[in-house]
Structures are given as C-alpha cells and as structure tokens.
Amino acid sequence: MLSPAFTSRLLPLSLGFLLLCSLAVPVRFLAFARPLGQLVTALAAPISHPFAAFSRWILPANAGPAVDAKVKELEARLEETERELRRIQQENRRLVQSLEEVNVLAIVNTTPVRQIYAPVFASSSDLSSDIIRARAGRLDGVDLASVATAAGMQLLGRVVSVDDRTCDIQVVTSRSAEPLNCMIMIDATANGLACRLSPTGKGTLRGPVEDRRQSGSAQPVEPVPGQIVRLSDGRWPGAAQMLLVGKVVSVEPSPDNPLRRLVVVAPSIDRLERVSEVVIRASGSAAEQEGSR
C-alpha cells in the first residue's frame, strides 16, 4: 500500500505529465474525447446559464465613463438635429400654405387692402357672442368695413364696433354670428359648390350645399372631406371675399331632402376666439384715407 507521502509527491508529477501530453499530442489524436466533452457541456449548461445571467446582472458590462459620455453627447446632438428639422419642415409648410393663400386671393380678389397687425387684449365674458377686442382702431385705418383674419389667411370675423385705438370683432363661429355664404373649392380655380354655413356653437360651421349636376350628365357634383371652403358672400366687404373659412370635415345627407348634402366645416385653427393676434384687412375708404396721411 502506498504511503501518503509518496502519494503527495506523485500527484504533481501526474499533473505535469498530463500537461506535457496535452501539448505534445496532436489534436487529431484527441478526437475520441470529443463526445465526452460535449456530454459534460450539455450537463453543465443548464447549471452555468443562471449563474452567468446572475453575474451579468450583478456586474454589468461597462464601456467606461468616457465612452458613455460620448454616446450621450451624440444622442443629444441627434435629438437636437431632429427637433430643428421638424421645426424647419413645419415652418416650410406654413410658408407654402400662406403663399398658396396669397396666390388665390391675388387671382379672385383685386380689392385694395391694407393689413394691420393687432394684438388681442380682451374677449367677451358672454360665451354666446365671442366678441374679441384688438388693439387697433380708427386712427390705424380700421372701420366697420374691415375684417379680421388669423394665421394662414383664416377668416376670423368682422369688425362690429371701432373707436380711436381699439375695435371689437365678432368671431364667425360664435352662436350669434350670421350664416355665411361660402364656396367649396372643387378645383384650383374659383369654380366651386355654393353652400350656406351656420355656426354650430362647437367651433364649426354646418349647412346645405347646392344641388349641381355634372355637365352633360345626371351625376351630381358632391363635396368631399378635405376640400377647402372660402367666403363668397356679397354682404361682406370686398377684402373678405375668398378668404379661408375652413375645410370640409364631414358630408351627410340633408334630413329634409336625402338627395341634398350637408357639410360640416372646421376652421384651420381650433378655438378662433382664443387667438392672441389678428390681422385686420382694411379696404376701401379706410385704406385710402390711411394711405393719404
């Protein structure tokens, strides 16, 4: 029987011999041991995986503070670039829309107009009237023949009273406002479907559309959601004709006549009575008198 002292000396020699064999013996001669290694791997994998996941959770990989700071800086630059791109795209859309509005008005409205920019400083406490007050008056060229618009040539209302420095404007979507005779633009010209719109009290306008047939056909010309609606009302001043009233948001049959259509029109700006600035379009005598001073 081997003594403990001899066994303790034999173990290092055995390990050294095995290490020497592993380095000296070619790999192709160890192919017989491959199935045994795969078996050990298959048995150890289910046990080692939870330990590996736990170790990664306790000590996550870290690229270092310098790399993290660089990544955060690049992400901040990317976010700022995207924000600036969206701002430029929005401004471009606004300018294109304004240019289209100006081109249309130049074609269909030749009335001399003087535009007066005025801040809104008060609104009526009576929700049914929606009267707003702007800081522009008779001394600025505003009179009762003037109308007010919001951004994008959106028709806001007409001046109902004026003094030297201020004026009152009634918003077209207020319940007490009169119905508007309008035109639904069906093409790029002044051709369109006539309609008469009344305020609903919900910020929109609603009314019947004329019954018109296509030339040489019994097929009716019907409005479509998304079409532009413009003012075409002889009771309003010339400076207001063909101003934007809104867009068709829905089309429905008339309860009185199923063959006729009713449209609901929404202005391009929500809550017209809440605008902070208006553009007053003074036409006729007011613009001429102010220009001669």
Side-chain angles (χ1 to χ4, degrees), residues 34 37-106 115-123 127 130 132 134-136 148-157 169 171-173 185 188 200 202-205 224-230 243-251 264-280:
R34 187 175 302 166
Q38 294 175 349
L39 176 61
V40 173
T41 301
L43 293 174
I47 302 174
S48 62
H49 177 71
F51 286 102
F54 181 77
S55 65
R56 286 193 295 268
W57 177 69
I58 294 296
L59 295 174
N62 190 355
V67 177
D68 289 346
K70 190 65 175 178
V71 170
K72 290 180 180 179
E73 180 183 356
L74 292 175
E75 289 177 347
R77 289 183 180 180
L78 178 61
E79 177 64 26
E80 177 63 22
T81 301
E82 291 180 349
R83 186 199 65 81
E84 183 66 14
L85 176 61
R86 292 190 183 96
R87 186 193 67 80
I88 293 174
Q89 290 174 338
Q90 183 181 34
E91 180 67 11
N92 183 62
R93 287 193 295 268
R94 186 187 68 80
L95 292 174
V96 170
Q97 182 181 8
S98 297
L99 182 60
E100 291 175 350
E101 298 287 343
V102 170
N103 289 338
V104 170
L105 289 175
Q115 297 192 132
I116 305 161
Y117 292 83
V120 174
F121 67 93
S123 59
L127 297 179
D130 284 336
I132 62 176
R135 204 175 299 280
T149 62
M153 296 292 184
Q154 168 66 54
L155 178 64
L156 178 72
I169 304 164
V171 180
V172 293
T173 53
M185 312 309 295
T200 62
K202 300 178 181 179
T204 57
L205 302 144
V224 177
Q227 289 178 326
I228 297 293
V229 181
R230 299 185 181 278
L243 283 174
L244 175 67
V245 175
K247 287 185 177 181
V248 177
V249 294
S250 66
V251 181
V264 176
V265 176
S268 61
I269 298 175
D270 292 334
R271 303 295 300 271
L272 287 176
E273 71 279 3
R274 295 296 183 88
V275 297
S276 59
E277 185 182 54
V278 298
V279 179
I280 299 176

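- In this structure, Ala151 and Ser268 approach most closely via the heavy-atom pair O-OG, 4.4 Å.
- Between Val275 and Ala150, the shortest heavy-atom contact is CG1-CB, 4.3 Å.
- Every residue meeting the side chain to side chain donor-acceptor pair (under 3.5 Å) condition with Gln115, not counting sequence neighbours, appears here in chain and number order: Arg281.
- To the nearest 0.5 Å, atoms CD1 (Ile269) and CD (Gln154) are separated by 5.5 Å.
- For the salt bridge (Lys or Arg N to Asp or Glu O under 4.0 Å) test, residues two or more places apart in sequence or in another chain that qualify with Glu84 are Arg87.
- The shortest heavy-atom contact between Val249 and Ala266 is CG1-CB, 3.7 Å.
- You'll find the side chain of Leu155 stays beyond 4.5 Å of the side chain of Leu244, heavy atoms only.
- No more than 12 heavy atoms of other residues, nucleotides or ligands sit less than 6.0 Å from atom OH of Tyr117.
- Contact of the Val245 side chain with the Leu205 side chain is registered, since non-hydrogen atoms from C-beta on lie closer than 4.5 Å.
- Checked against side chain to side chain donor-acceptor pair (under 3.5 Å), Arg271 has the following partners two or more places apart in sequence or in another chain: Glu273.
- Judged by distance alone, with hydrogens and angles left aside, the side-chain atoms of Thr149 form no donor-acceptor pair with the main-chain N or O of Leu156 at under 3.5 Å.
- Every side chain to side chain donor-acceptor pair (under 3.5 Å) that Thr200 has, sequence neighbours left out, goes to Thr204.
- By the side chain to side chain contact (heavy atoms under 4.5 Å, CB included) test, Val251 pairs with Pro223, Pro225, Val248, Arg261, Val263, sequence neighbours left out.
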Audit row: Lys247, Val229, side chain to side chain contact (heavy atoms under 4.5 Å, CB included) steps and yes/no
CA-CA 6 Å; Lys247 287 185 177 181; Val229 181; over 6 Å; no

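- The two residues Gly203 and Pro267 have their closest heavy-atom pair at O-CD, 3.2 Å.
- No side-chain heavy atom of Val120 sits under 4.5 Å from any side-chain heavy atom of Ser276.
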